[in-house]
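Structure first, commentary second.
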There are 2 protein chains.
Amino acid sequence: MYDVHLSTGYGAPVADQARRVPLNRDRVLAAAVGLADAAGIESLSMRRLAQELGVVPMALYKHVSDKDALLDGMVDAVLGEIEPGAPGADWRAAVQQRVLGARRAVLRHPWARRAIESRTSRTPVVLDHMEALAAAFRAGGFSADLTHHVMHTLGNRIWGFSPELFDAPHDPAAPAPGPAEQEARAAEFGRRFPTILEIAVAATRGDLGAVGGGCDEQFEFEFALDLLLDGFERLRDQGWTSAGDPRRGGV
Amino acid sequence: MYDVHLSTGYGAPVADQARRVPLNRDRVLAAAVGLADAAGIESLSMRRLAQELGVVPMALYKHVSDKDALLDGMVDAVLGEIEPGAPGADWRAAVQQRVLGARRAVLRHPWARRAIESRTSRTPVVLDHMEALAAAFRAGGFSADLTHHVMHTLGNRIWGFSPELFDAPHDPAAPAPGPAEQEARAAEFGRRFPTILEIAVAATRGDLGAVGGGCDEQFEFEFALDLLLDGFERLRDQGWTSAGDPRRGGV
DNA sequence: TTGACAGGTGTACGTCGTACACCTACCGTC
DNA sequence: GACGGTAGGTGTACGACGTACACCTGTCAA
């Protein structure tokens with residue numbers, strides 16, 4: 001569990017000197033990603049990360065300017081895993097490949113979704129992904145104008161995830177209610193929120209016990225993606241322009 | 001600036017006793033919302049909030065179980081502002097009214113967007129909104145099945161916002177680059193990300209200086225909402241079911 | 001030989017959330 | 001009128017956290 005580097009006093013002890021590999025930004029980021037994967041993003045602290053690397057907390061600041069930059073770097077590392085997609089594909093396949101590739105990368109790291117949402121900086125890696133998507137639309141005959149709005153419409157789905165609407169990650173620490181109370185709750189729920197209940201029943205095909213298991217996120221994601229791409233295609237074929245859009249008061 | 005309640009020692013001083021209104025959950029939440037509105041969500045701490053209320057930090061814990069619950073309560077307070085919408089409207093108008101109403105509420109509080117994204121708990125207020133939306137779809141002839149997927153597709157847009165894709169809130173503390181450097185950066189940007197540049201030019205109608213100002217979020221939001229509602233309508237009219245969807249391996 | 005520098009170290013500060021023990025005014029019950 | 005419970009306030013203290021700052025040390029070029 002504990003690393004060898006437990007020396008007190010300045011500098012690395014002579015015994016370790018030979019075998020110590022100097023830290024660098026990539027090793028720091030990799031360790032941070034690994035720690036977040038294993039222990040959750042909420043237990044990723046500079047101190048904990050330093051400990052994991054056998055180093056004093058302040059050593060990290062030689063490679064990463066602050067914790068925000070660390071998070072940015074981690075997100076970059078994840079997004080760097082996105083496969084570029086086959087070159088010959090038509091626009092629709094190209095977009096799907098890119099987006100579903102991003103999804104695979106993000107799903108590999110449970111914390112990535114949340115981290116991406118909370119970041120706002122447009123690093124080169126982020127811009128690369130956006131550029132590739134935008135270029136796919138342009139190559140598919142979309143105007144720059146339409147491409148812009150279409151990217152906005154995709155929103156965070158360009159990163160391969162949609163927000164979790166229904167499945168509250170239920171607290172495992174909460175005491176399990178008895179079956180009687182459970183039934184009473186369900187009844188009360190059905191009275192106040194009949195449509196949501198109806199939807200849940202439909203979604204689980206009657207097996208309401210499975211509600212806690214959440215929806216089929218992959219299906220929901222692809223459903224929405226296809227719906228959007230269909231809509232985009234239709235607008236393109238109609239020759240849509242923002243100047244001609246009634247919301248812009250055009251025509 | 002400072003409140004009168006500066007006494008040391010236990011209990012409220014006798015002089016104040018008559019005029020002190022006891023705290024309650026609603027007053028705590030209102031103060032928290034006000035503080036977040038005025039000073040930003042990042043400077044909302046239990047200590048600061050207590051100070052604002054002329055009270056010791058621990059006093060808050062008599063009304064709110066912890067900071068997470070405080071945040072939940074604040075989000076609830078904002079969502080409670082959503083107007084229900086006119087009763088006679090057809091499904092499409094009902095959805096639009098509800099969603100654009102949510103948008104107005106969220107836009108009143110700059111922190112709300114981020115707070116909603118980071119919350120996962122489904123409070124009654126949250127469920128009320130979802131129930132109203134789902135009911136509107138059902139009343140419009142959508143199957144429970146389709147309603148479910150359609151709500152997923154709307155995603156966070158049911159709260160009236162879409163993720164900020166393009167407009168990085170640029171750091172006001174950053175030193176402004178000289179015009180020469182600015183031009184060099186733009187050139188480098190255009191080389192690496194030509195399509196994004198092209199889109200930005202189209203979006204700002206050539207006035208690239210306006211890029212920092214961000215996109216017209218309201219337009220983007222309504223554009224996406226209409227695109228989605230059109231798609232939903234089409235699926236409904238086609239009699240779509242998830243069992244018949246090729247992704248589900250049906251039919 | 002020297003001296004700059006990259007990369008590590010230790011200490012210290014201010015801030016945070018909150019557990020815990022406490023006190024006190026008020027209320028209904030005897 | 002005494003009394004006990006409870007709602008709502010208080011003070012202290014603890015263990016995190018991020019990070020500024022001063023420091024040391026081995027390496028390598030001049």
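Order of the sequence lines fixes the chain letters, A, B, ..., with proteins taken first and strands second; residue numbering starts at 1 for each chain.
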Output the rounded distance in Å from [atom1] ([X]) to [atom2] ([N]).
{"X": "Leu71(B)", "N": "dG17(C)", "atom1": "CG", "atom2": "P", "result": "10 Å"}
{"X": "Arg47(B)", "N": "dT12(D)", "atom1": "CZ", "atom2": "C1'", "result": "11 Å"}
{"X": "Leu53(A)", "N": "dT9(C)", "atom1": "CG", "atom2": "C1'", "result": "15 Å"}
{"X": "Arg25(A)", "N": "dG7(C)", "atom1": "CZ", "atom2": "C1'", "result": "16 Å"}
{"X": "Gln51(B)", "N": "dC16(C)", "atom1": "CD", "atom2": "C1'", "result": "14 Å"}
{"X": "Leu49(B)", "N": "dT15(C)", "atom1": "CG", "atom2": "P", "result": "17 Å"}
{"X": "Asp66(A)", "N": "dC17(D)", "atom1": "CG", "atom2": "P", "result": "17 Å"}
{"X": "Arg27(A)", "N": "dA6(C)", "atom1": "CZ", "atom2": "P", "result": "19 Å"}

For [X], give me all partners under salt bridge (charged side-chain N to carboxylate O under 4.0 Å, His left out), at least two apart in sequence or on another chain.
{"X": "Arg47(B)", "answer": "none"}
{"X": "Arg192(B)", "answer": "Asp128(A)"}
{"X": "Glu42(A)", "answer": "none"}

From the list [options], which nucleotide is the closest neighbour of the side chain of [X]?
{"X": "Met46(B)", "options": "dG9(D), dG18(D), dG17(C)", "result": "dG17(C)"}
{"X": "Lys67(A)", "options": "dT19(D), dG17(C), dG9(D)", "result": "dT19(D)"}
{"X": "Val56(A)", "options": "dT19(D), dG9(D), dT9(C)", "result": "dT9(C)"}

Residues within residues 57-64 of chain A bordering DNA chain C, heavy-atom distance below 4.0 Å | Met58(A), Ala59(A), Lys62(A), His63(A)

Flag this pair as yes if the NZ/CZ of Arg103(B) is under 6.0 angstrom from the six-membered ring centre of Phe161(B) and inside a 45 degree cone about the axis; otherwise no.
-> no

Aromatic ring proximity Phe219(B)/His149(A), centre distance under 6.0 Å |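 Ring centroids of Phe219(B) and His149(A) are less than 6.0 Å from each other.
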
Distance-only check: which donor-acceptor pairs under 3.5 Å involve side-chain atoms of residues 56-70 of chain B, not counting sequence neighbours?
| from | atom 1 | to | atom 2 | distance (Å) |
| --- | --- | --- | --- | --- |
| Asp66(B) | OD1 | Asp68(B) | N | 3.4 |
| Asp66(B) | OD1 | Ala69(B) | N | 3.1 |
| Lys67(B) | NZ | Leu44(B) | O | 2.9 |

Which atom pairs, one a donor and one an acceptor, fall under 3.5 Å between side chains of residues 104-116 of chain A and the rest of the protein, sequence neighbours left out?
| from | atom 1 | to | atom 2 | distance (Å) |
| --- | --- | --- | --- | --- |
| Arg104(A) | NH2 | Glu83(A) | OE1 | 2.8 |
| Arg108(A) | NH1 | Glu81(A) | OE1 | 2.6 |
| His109(A) | ND1 | Asp37(A) | OD1 | 2.9 |
| His109(A) | ND1 | Asp37(A) | OD2 | 3.0 |
| His109(A) | NE2 | Glu81(A) | OE2 | 3.1 |
| Trp111(A) | NE1 | Asp37(A) | OD1 | 2.5 |
| Arg113(A) | NH1 | Ser162(A) | O | 3.1 |
| Arg114(A) | NH1 | Ser118(B) | O | 3.2 |
| Arg114(A) | NH2 | Glu117(B) | O | 3.2 |

